[in-house]
Every structure is written in structure tokens, then in C-alpha cells.
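Reviewing the structure listed below.
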Amino acid sequence: MAPSLQPRVDGDLRSILDSHDTLHRMVDTLGSPLNLVLPDRLAGNVRDFETTLRAYDLGGTVYFAHKANRSSALVRALATTGAGIDVASLGELQHALGAGLGPARIMATGPKSREFLWLAARTGVTVGADSVPELAELAGMVAAHGLPRVRVMARLSGFASTGTTVLSRASRFGVPVSDLDPLWAVLDEHRDQLDFHGAAYHLDTNGLPEKAAALEGCLEAMAEAQRRGLSPRAIDVGGGFGVNYLADSREWEAWTTELTGAVLGQRPPITWDGHGYGLRNEGGRLRGVLAVYPAYRAVAGPAYLDRLLATASTAHRRPLGSLVLDNLYDLHLEPGRALLDQCGAVLTRVEEVRDGLVRVAANSNDVALEAHGVLMDPILVPRGEPRPDDGPVGVHLAGNLCLEADLITRRRVPLPRPPRAGDLLVFANTAGYLMDFSAGSALMQPTARTVAAWRHGGDWRWCLDERYWPVTGREETG
């Protein structure tokens, strides 16, 4: 048997996943795969991040990174909180405005078409710019259409420590901090069109030292902006706060140990075709790097933010959170995955079982565990009673595409009993990037519909995602 990687499931998500009849009714009605989201949990996660900010006496806004999930229900639930939203396309901006979020609570980031940039300027949302040419183009639009000044954040990149070691990896997003003169020049030239709100960064890493160096670099850039007569008021530290996906750290340690042994030939394979997830055997020596998400993380989400703000500045030897407060700056965040922790699951129906291979009515784009390197077991939801002789089995999970590579997960998955056609395999805690980020209609296979569920007394109610509003089904509460 391959080692287990049991998912961490708690609160409302645990409650609804324990309601087997409800899950089967959903799939019987709307088909497999089916996405399930819990809008109320999102609001709770927002509060947890805000509590961490307030513990440091910091103001600022938690911006949900919309790209992590396409759900309308989640965005509409977000509108009832004090959070904002980070949109990275014209469609996401239109979606956020239509869900009830006003321009003051929206930040437009990422690569921008002219249409996206125009609507951002026209509606008055904050624009997080990645380059000096983008700022110049935005200023030209504002001037040409006689629009009010647009509040802008300048994303920076290429941060270094106080020594010579560059800590942040190369990025195609952001103005290099080694050459900020063009940034100051365009902001000074277009003071009538651009309201410089502050500096930002977004690093594609979980590394705390890199993020701390970036925050310190933004503080230095803000000080330079003030010396040049600008009035920045906020720093945006982006996302990357992470999620702890697994219930037990010992299972993660056991699995990585067993994978190493399998790669070296010291035990039978525990993955499809001996896949090593970045590890390889070269003459009996282990080579490569384990290329997966750290599925067990002792410090993630708001706790990671707390750790970042408590980190001492290398230049000032004081906590970074204290330095932000000393300068009376707000601190903005852009969590995506972390705000969706415990907010949903993907339900899939078992179609066929043969020779240790289980095929489900979904594919690897519907449950994008492999694409994002997240490893965890599904939850088996049987339709009937187990047979007396049923016992634990290890299986491989295949999708519904006519492709050899369409494996839901390349690792062999342990299940408490052999699944049967009609059972469900539920992939828990997949709302952040793992649910619909990669979904498409390859081979004309149907894409998942999404349902939103909420508690009503001691029961669960649910509806199609697009029909959910924060007052749906709650008329009796006013």
C-alpha cells in the first residue's frame, strides 16, 4: 500500500461532505464532475486575515485574487464583507462590478488589454501597474477622455537583501528596483492623471526570506517617493500565503520518504510508470528536486502573514510590521488560495474499476491536482453498503479523456475499500486554483457545473452558482 495523504477537512466543509445523500443528489441532478463551493466560509477567512492585520494595528484591505476561482457565488459573498477583489482581466472586472463590489474595492492587476485598462480608468478602480509604459498609456487615456485621476499601485521586482545576494527570482511583472528613475519620471510628469497610491510586489514563491526582502524593498521605494514629493500611502504584499492541505505531517514525511525509496529502486513503485515528481535515479544516486506543493504546511494563511510581519528588517533590526505602522502606511494583501481554504470540493462519479485503475467522470483539468503539484487523497462516498470482504486497496485514478496523460493523480491512492461504479470520489479543499482554473471542454467532454451551499438551521441548502445571492433562501431572516 502507498502511504495515505488524508486531506485536512473541517467546519462546514466536513459537515456537508459527511452528508452522503446530499452529495449523491447533487451529482444525480447535475452530473459529474460537479464543483461545490461554500460562500460563508470565504467570509470567515477574510475575517481571519483582517484580524491579523489589526493585531499589528495596521489598516489596509484584503483583496481576493479572483483568478483562483470563477464562482459568482463566492464573489457575491465577498461583496458582503469589508474585503476587496483583485481582478486580472476585463471579464473579471465586469464580473466583480456586477457582483456588487464598487470601484473603491477593486484593484486591476496583471497583463491588461486596452479595453481592460479603459474600463478600469472609466470606473475609477485602483490600477496595479506592471511597467512604466503601462502607466504612461493609462495617463494618456485619462487625459484623452477627461477622466478623474486614477489611483495606481506600482508593482516592483528584482529585490535584493542589504548584501549582494538577490533574493527574489526573476519576474516578467514589475519595475526593477535597480532602476526606478523612469517610474518616478512618469509619475511626476502625469501628476494630474495618476494618483500614486504606493508600491506592490507579488512573488511566485513560498519563501519567507524573499517576501521579507521585497517588503523591505518596498519600504525603501516609498521613502524615495516621498523625497521626490509624492504621497504614497500603502504597500501591497500580494499573495502566496499558502494552504495546509493535509491533516497529518507524519503522512507527508512518510510519503516523501517512500517516494525516494521507490525512485532509488528500494521498494516497488508508488506512482504511475515510476513517475518521480522531479526526482530521478542516476546510477543509484538521487538527483533532482521534488517538484510538488508542500502539501503539509505548519504555517500558512493568516499565520504566514503574521510570521512575515514579525520578521525583523535586516537594515533596521525591527519587525517589518512595526516599520509599516511607523510610516502610517496601509498594508494590502491579495490572497487567492488562502482565502479559499476549506471553501469547496470537486465531486466525481466512479465510472469503471479494473485492474487497480479507477476511471471517473472528470479529467485532470477538472481536478487540477497534478498541474499545481498538490497531492492529497480523495474521499470515497459509497452509494451502497460495503461488502463483508471489502478491505483497503491502492488504485490509480484516470480521467475521461482519450489521452494516456489524463491521470487525476500519478500517485497510487489508498482507499478504504474497492470503489464501485456509481460511488463518488470527492476531492476536498479544491476551491483555490484546483477546481476550475484549468477546466476546458477537450474532446467535447462536459465541464463541471458549480453549486453553492449554505447552512439553513440544521440542514444544507444549495443552488446553482449563478443563482446564488447572499439573500438566496434566507428571506425569512430579512
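Values below: all heavy atoms of this structure, side chains included; hydrogens, waters and symmetry mates excluded.
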Distance (rounded to the nearest 0.5 Å) between W460 CH2 and L36 CG: 8.0 Å
field: Carboxylate-amine/guanidinium proximity below 4.0 Å for D465 and R76
entry: no
task: List the steps and the verdict of salt bridge (charged side-chain N to carboxylate O under 4.0 Å, His left out) for E92 and K67.
output: CA-CA 8 Å; E92 287 189 354; K67 61 181 176 288; over 6 Å; no
message: So, taking the atom named CG in L53 and the one named CG in D306, what distance separates them when rounded to the nearest 0.5 Å?
response: 10.5 Å
statement: What one should report as the nearest heavy-atom pair of Q6 and D377 is NE2-OD2, 3.2 Å
field: Option among Y296, W252, Y293 that satisfies the ring-ring contact (aromatic ring centres under 6.0 Å, His included) test with Y245
entry: Y293
- request: Please tell me if the side chains of C463 and W454 come closer than 4.5 Å, counting only heavy atoms from C-beta onward.
  value: yes
query: Are the side chain of Q342 and the backbone N or O of G11 linked by a donor-acceptor pair below 3.5 Å?
result: no
query: Heavy atoms, side chains only, cut-off 4.5 Å: are R411 and L5 in contact?
result: yes
message: Quick check: closest heavy atoms across N281 and G265, and the distance to 0.1 Å?
response: ND2-N, 4.5 Å
message: Walk me through whether F427 and M376 qualify under side-chain contact (heavy atoms from CB on, under 4.5 Å).
response: CA-CA 8 Å; F427 297 86; M376 55 181 169; 5.9 Å; no
message: For V62, is there any backbone N or O sitting under 3.5 Å from a side-chain donor or acceptor partner on E50?
response: no
task: Take the angle between the ring planes of Y433 and H372 and call it parallel below 30°, perpendicular above 60°, tilted in between.
output: tilted
query: Is it the case that more than 12 heavy atoms not belonging to E404 sit under 6.0 Å from its CD atom?
result: no
task: Please check if the side chain of R155 supplies one atom and the backbone of F173 the other of a donor-acceptor pair under 3.5 Å.
output: no
- prompt: For R250, does the CZ atom sit with more than 12 other heavy atoms under 6.0 Å from it, leaving out its own atoms?
  reply: no
Check: T81 side chain, A77 main-chain N or O, donor-acceptor pair, under 3.5 Å: no
Pairwise side-chain contact, M26 with I16, heavy-atom cut-off 4.5 Å (strictly under): yes
- prompt: Can we say R410 and E370 salt-bridge, meaning some charged N sits less than 4.0 Å from an Asp/Glu carboxylate O?
  reply: yes
task: Apply the test side-chain contact (heavy atoms from CB on, under 4.5 Å) to residues D12 and R41: give CA-CA distance (whole Å), side-chain angles for both, the deciding distance (0.1 Å), then the verdict.
output: CA-CA 8 Å; D12 282 350; R41 180 61 188 250; 5.7 Å; no
- prompt: Restricting to pairs with a member in residues 329-371, which pass ring-ring contact (aromatic ring centres under 6.0 Å, His included), not counting sequence neighbours?
  reply: Y63-H332, H197-H332
query: Is it true that a side-chain atom of E258 and a backbone atom of I270 form a donor plus acceptor pair closer than 3.5 Å?
result: no
message: Between T109 and E334, is the side-chain hydrogen bond (donor to acceptor under 3.5 Å, both in side chains) condition met? List the steps.
response: CA-CA 10 Å; T109 64; E334 299 173 22; 4.8 Å; no
task: Check whether any side-chain heavy atom of N206 lies under 4.5 Å from a side-chain heavy atom of P294, and answer yes or no.
output: yes
- prompt: So T51 and R54, side-chain contact (heavy atoms from CB on, under 4.5 Å) or not? Walk me through it.
  reply: CA-CA 5 Å; T51 297; R54 305 305 171 249; 5.8 Å; no
query: Partners of N244 by side chain to side chain donor-acceptor pair (under 3.5 Å), sequence neighbours excluded?
result: none
query: For the residue pair H396 and T271, what are the closest heavy atoms and their distance?
result: CE1-C, 3.7 Å
message: Using only atom types and a distance under 3.5 Å, with no angle test, would you say the side chain of R412 pairs donor to acceptor with the backbone of P269?
response: yes
- request: Report the C-alpha distance between S15 and R455 in whole Å, list the side-chain angles of each, state the deciding distance to 0.1 Å, and finish with yes or no for side-chain hydrogen bond (donor to acceptor under 3.5 Å, both in side chains).
  value: CA-CA 10 Å; S15 173; R455 282 188 177 276; 3.0 Å; yes
Check: D341 and F241 side chains under 4.5 Å, non-hydrogen atoms: no
- line: P416 and L380 have their tightest heavy-atom pair at CG-CD2, 4.2 Å
- prompt: Hey, are D406 and R359 close enough for a salt bridge, meaning a charged N less than 4.0 Å from a carboxylate O?
  reply: no
message: Side chains of V9 and N429, heavy atoms from C-beta outward: is any pair under 4.5 Å?
response: no
field: Audit row: V381, L347, side-chain contact (heavy atoms from CB on, under 4.5 Å) steps and yes/no
entry: CA-CA 10 Å; V381 179; L347 317 181; over 6 Å; no
- prompt: Taking D330 for the side chain and A234 for the main chain, is one N or O donor matched with an acceptor at less than 3.5 Å?
  reply: no
query: Counting only N and O atoms by type, is there a donor-acceptor contact under 3.5 Å from the side chain of H24 to the main-chain atoms of P382?
result: yes
- request: Mark yes or no for whether Y201, through its side chain, and K211, through its backbone, hold a donor-acceptor pair below 3.5 Å.
  value: yes
task: Look at atom CZ of R307 and say whether more than 12 heavy atoms of other residues, nucleotides or ligands are closer to it than 6.0 Å.
output: no
- prompt: Does T311 reach the side chain of L215, with side-chain heavy atoms less than 4.5 Å apart?
  reply: no
task: Working to the nearest 0.5 Å, report the span between CG of L74 and CG of L340.
output: 6.0 Å
message: Regarding D28 and R383, does a basic nitrogen lie under 4.0 Å from an acidic carboxylate oxygen?
response: yes
task: First locate atom CD1 of I379, then atom CZ of R14, and finally report the distance between them rounded to the nearest 0.5 Å.
output: 5.0 Å
Distance, nearest 0.5 Å, that separates OG1 of T450 from CG of L464: 9.0 Å
query: For the rings on W255 and Y277, is their centre-to-centre separation under 6.0 Å?
result: yes
field: Closest non-hydrogen atom pair between A345 and L17, with its separation
entry: CB-CD2, 4.3 Å
- prompt: Are any of the side-chain heavy atoms of R337 and V374 separated by less than 4.5 Å?
  reply: yes
field: Whether H66 and F64 hold their rings parallel, tilted or perpendicular, with breakpoints at 30° and 60°
entry: parallel
query: Distance-only, no hydrogens or angles: does the D366 side chain make a donor-acceptor pair with backbone N or O of N363 under 3.5 Å?
result: yes
field: Which atom of D130 lies closest to which atom of P111, heavy atoms considered
entry: OD2-N, 4.4 Å
- prompt: Atom OG of S4 and atom CG of L246: how far apart are they, to the nearest 0.5 Å?
  reply: 10.5 Å
